[in-house]
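Data first, discussion second: the structure below is written as structure tokens.
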Amino acid sequence: MSLPLDSADLAAIWLTLKLAALTTALLLLVGTPLAWWLAHTRSRLKGPIGALVALPLVLPPTVIGFYLLVAMGPNGPLGALTQKMGLGTLAFSFSGLVIGSVCYSMPFVVQPIQNAFEAIGKRPLEVAATLGASPLDRFFTIALPLARPGIITASVLGFAHTLGEFGVVLMIGGNIPERTRVVSVQIFNHVEAMDYASAHWLAGGVLICSFLILLLLNRRGRPSVMPGARA
């Protein structure tokens, strides 16, 4: 018996996986140094920047998507910049989806890593400093290995959260086949067309994937590195 999924469904699945993988990689690249700074800085900017990072936890996705769409549009600051660079606008493109996903999933990556860095404490870093390790050496040889559980959690959460995006990606990318139509949007299309069989297959796949991810995190037994928790 063949699966009731057509080429559009498979394209949406592939696009979603590619978006989630790229978003997670970019978030780890950007979010790790940001989490390190938030965990150790005494700057007055820590509060505002920390709140800005956590904003997607409380804002409706459509609000985030709307303002990102305005910024990426031809009259927005980001859209004007990309047009001057000859890149066109980012709205309704895969690149726009990546930017929106990075913004929307930011707290799910930064907060676990920040909590992991804070849980390390100052003692291991101070000992390494007395042995002559430079700040860069202490970061790569001490902090990152000790924070690995938090980094793994952040990677899994960032990937899973991107898989389930709907409001942000729909506002920024619309519903363009093979370009911006991800699984969540394709499920919406099937429901609108009353094709519940295909919607069940796609939605069930996302449900099972999300459940297995959460089960994996729970078996790790590290609730202290979940977003919003403190070590």
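Residues in residues 40-73 take part in these ring-ring contact (aromatic ring centres under 6.0 Å, His included) pairs, two or more places apart or across chains: Trp36-His40. Residue pairs meeting the side chain to side chain donor-acceptor pair (under 3.5 Å) criterion with at least one member in residues 94-103, sequence neighbours excluded: Ser101-Glu165. Within the structure, side chain to side chain donor-acceptor pair (under 3.5 Å) pairs that include any residue of residues 7-28 comprise Asp9-Gln186, Asp9-His190 (at least two apart or interchain).
The shortest side-chain heavy-atom distance between Met72 and Leu78 falls under the 4.5 Å cut-off. Contact check for Leu163 versus Ser210: no side-chain heavy atoms found under the 4.5 Å cut-off. Contact annotation: the side chain of Val206 approaches that of Val183 to within less than 4.5 Å [non-hydrogen atoms, C-beta and beyond]. At least one side-chain heavy atom of Leu34 sits under 4.5 Å from a side-chain heavy atom of Ile49.
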**OP:** Start with the C-alpha gap between Leu157 and Val109, add the side-chain angles, then the distance that decides, and say whether side-chain contact (heavy atoms from CB on, under 4.5 Å) holds.
**Re:** CA-CA 7 Å; Leu157 286 177; Val109 173; over 6 Å; no
**OP:** Determine, stepwise, if the pair Asn189 / Val185 fulfils side-chain contact (heavy atoms from CB on, under 4.5 Å).
**Re:** CA-CA 6 Å; Asn189 290 339; Val185 177; 4.2 Å; yes
**OP:** Tell me, with the steps shown, if Val156 and Phe108 meet side-chain contact (heavy atoms from CB on, under 4.5 Å).
**Re:** CA-CA 9 Å; Val156 174; Phe108 290 86; over 6 Å; no
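Glu178 and Ala11 make their closest contact through CG-CB, 3.8 Å (heavy atoms, listed as atom of the first residue, atom of the second, distance).
Partners of Ser134 under the side-chain hydrogen bond (donor to acceptor under 3.5 Å, both in side chains) rule, at least two apart in sequence or in another chain, are Asp137. With sequence neighbours excluded, the residues satisfying side chain to side chain contact (heavy atoms under 4.5 Å, CB included) with Pro124 are Ile120, Ile142, Leu146. Partners of Thr180 according to the side-chain hydrogen bond (donor to acceptor under 3.5 Å, both in side chains) rule, which considers only residues two or more places apart in sequence or in another chain, do not exist here. Listed by chain and residue number, Arg181 satisfy the side chain to side chain contact (heavy atoms under 4.5 Å, CB included) test with Pro177 (two or more places apart in sequence, or in another chain). Here Tyr196 pairs with nothing under the ring pair (Phe, Tyr, Trp, His ring centres under 6.0 Å) rule; sequence neighbours left out. With sequence neighbours left out, the side chain to side chain contact (heavy atoms under 4.5 Å, CB included) criterion links Leu144 to Thr32, Phe117, Phe139, Phe140, Ile151. By the side chain to side chain contact (heavy atoms under 4.5 Å, CB included) test, Pro135 is found to be paired with Arg138, residues two or more places apart in sequence or in another chain being considered.
A continuous path of hydrophobic side-chain contacts links Val58 to Val63 [ILVMFWY only; heavy atoms under 4.5 Å]. Leu29 and Trp37 fall into different hydrophobic clusters, defined by Ile, Leu, Val, Met, Phe, Trp and Tyr side-chain heavy atoms under 4.5 Å apart, directly or through other members. A continuous path of Ile, Leu, Val, Met, Phe, Trp and Tyr side chains, each step under 4.5 Å between heavy atoms, connects Leu59 with Tyr104, placing both in one hydrophobic cluster. A continuous path of hydrophobic side-chain contacts links Val70 to Leu52 [ILVMFWY only; heavy atoms under 4.5 Å]. Residue Leu207 is not grouped with residue Ile13 when hydrophobic side chains (ILVMFWY) are merged at heavy-atom distances under 4.5 angstrom, including chains of intermediate members.
A donor-acceptor pair is defined here as one N or O able to donate and one able to accept, closer than 3.5 Å; no such pair exists between the side chain of Gln111 and the backbone of Ala54.
Atom CG of Leu22 is separated from atom CG of Leu17 by 12.5 Å, given to the nearest 0.5 angstrom. Atom CG in Leu90 sits 9.5 Å away from atom CD in Gln83 (nearest 0.5 Å).
Membership of the apolar cluster around Leu69 extends to Phe92, Ile176, as traced through chained side-chain contacts below 4.5 Å between ILVMFWY residues.
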